[in-house]
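Throughout, residue positions are numbered sequentially from 1 according to the sequence presented. What you see is a predicted model; the values in this text were computed from it and never measured.
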Amino acid sequence: ERMLVRLGDQAGVPIVAQIEGVVGYDLISRMDVRIDYGNGRVILSKPDVQVHLPVTGRNLFWVGTPIVRLVTSKGIPLHFNLDTGAQETYSTDGLPIKTKARTFRGERRLIGGLAGVTSVHGRFVDELRATMGGQATVLRKLLIFVPEVSSFVGLDGILGSDIGKGGVVRIDATNGVFTIGESPRGLRPRS
């Protein structure tokens, strides 16, 4: 059986890609993984045993699922589930209460996956400024959702693949490091 995923539509025709396999967290948890969205590469390497953690310490934890800790400018810790398969980053309904972030009502068109194009109406967090492992980041227009399944870990949202945009996402679960950086220039994706 072939695994196919719908990437979107072009001139009304579905764009579909075949997937050869899935890299699961069982492998990711033992490697230093760099997902270079800008150059279309995934680099797996053995984790450095003498890594220098940022002053803020570990920001990636395994609690039945990978969790990334962000800290707001007011020192409020936030915990996001890391889901590189999710195309978008979301907020839970508790995040605006916890951070007093401004929200607004709006609409978003979601493209991709097996469902095709979907239009979602709801509340959004306008902007969230935080640090991730000491690195400043800004999350904008986060759709607020209520999870269907509760967890024993209070989550403030889900980090999706959109956080990488044209850069490099680094997941070093062995050392508890999650970072987002710029994609190296001059590299070309392999065909």
Side-chain angles (χ1 to χ4, degrees), residues 2-5 7 17-73 75-92 95 112-113 128-140 142 147 149 151-191:
R2 296 184 325 159
M3 286 195 302
L4 302 174
V5 65
L7 302 174
Q18 181 172 336
I19 297 175
E20 304 300 329
V22 176
V23 175
Y25 206 77
D26 60 326
L27 178 63
I28 292 172
S29 68
R30 297 187 312 264
M31 305 297 292
D32 185 347
V33 179
R34 294 169 199 253
I35 304 170
D36 184 344
Y37 289 95
N39 291 302
R41 295 172 166 234
V42 175
I43 302 154
L44 302 171
S45 58
K46 187 176 177 180
D48 186 354
V49 292
Q50 297 191 344
V51 70
H52 295 288
L53 291 174
V55 175
T56 56
R58 297 175 67 99
N59 70 330
L60 176 64
F61 306 90
W62 176 258
V63 189
T65 187
I67 304 294
V68 176
R69 183 182 58 225
L70 288 81
V71 180
T72 69
S73 58
I76 301 167
L78 302 173
H79 298 94
F80 280 70
N81 175 256
L82 176 60
D83 185 355
T84 57
Q87 293 185 12
E88 201 167 335
T89 298
Y90 296 94
S91 159
T92 63
L95 186 137
L128 176 69
R129 294 181 178 274
T131 58
M132 193 178 326
Q135 174 185 27
T137 189
V138 179
L139 303 175
R140 291 187 174 90
L142 301 175
V149 178
S151 159
F152 64 91
V153 177
L155 296 176
D156 299 302
I158 294 176
L159 289 179
S161 64
D162 62 328
I163 58 163
K165 296 183 183 170
V168 178
V169 170
R170 179 177 178 208
I171 305 168
D172 178 356
T174 301
N175 294 300
V177 176
F178 180 86
T179 60
I180 302 169
E182 290 188 24
S183 189
R185 307 244 188 261
L187 295 178
R188 296 192 175 228
R190 292 184 182 177
S191 302

Could you grab the distance from atom [atom1] of [X] to atom [atom2] of [Y], nearest 0.5 Å is fine?
X    : Y    : atom1 : atom2 : answer
L95  : L155 : CG    : CG    : 11.0 Å
I28  : L44  : CD1   : CG    : 8.0 Å
H79  : T65  : NE2   : OG1   : 13.0 Å
R140 : R129 : CZ    : CZ    : 6.0 Å
R34  : S45  : CZ    : OG    : 6.0 Å

#### Entry: D172, L159, I67 screened by side chain to side chain contact (heavy atoms under 4.5 Å, CB included) with F178, the one that passes
L159
### Query
If you measure from the Lys or Arg side-chain nitrogens to the Asp or Glu carboxylate oxygens, is any gap between R170 and D32 under 4.0 Å?
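The answer is yes: the pair qualifies as a salt bridge.
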Side chains of [X] and [Y], heavy atoms from C-beta outward: is any pair under 4.5 Å?
X    : Y    : value
M132 : N59  : yes
L139 : F80  : yes
T137 : T131 : no
L78  : T72  : yes
L60  : I171 : yes

## Note on the structure
Residue set satisfying side-chain hydrogen bond (donor to acceptor under 3.5 Å, both in side chains) with R69, at least two apart, ordered chain then number -> none
#### Entry: side chain to side chain contact (heavy atoms under 4.5 Å, CB included) between I35 and V168, worked out
CA-CA 5 Å; I35 304 170; V168 178; over 6 Å; no
### Shortest non-hydrogen contact from D156 toward P77
OD2-O, 4.1 Å
#### Entry: Minimum heavy-atom distance T174-P47, with the two atoms named
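In this case the closest contact between T174 and P47 is OG1-CG, 3.4 Å.
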### Message
Whether the side chain of R41 engages the backbone of Y37 through a donor-acceptor N/O pair (distance < 3.5 Å, no angle test) should be reported.
### Response
no
### Query
In chain order, what residues pass the side-chain contact (heavy atoms from CB on, under 4.5 Å) check against D83, with sequence neighbours excluded?
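Once residues adjacent in sequence are excluded, the partners of D83 under the side-chain contact (heavy atoms from CB on, under 4.5 Å) criterion are N81, A86, I158.
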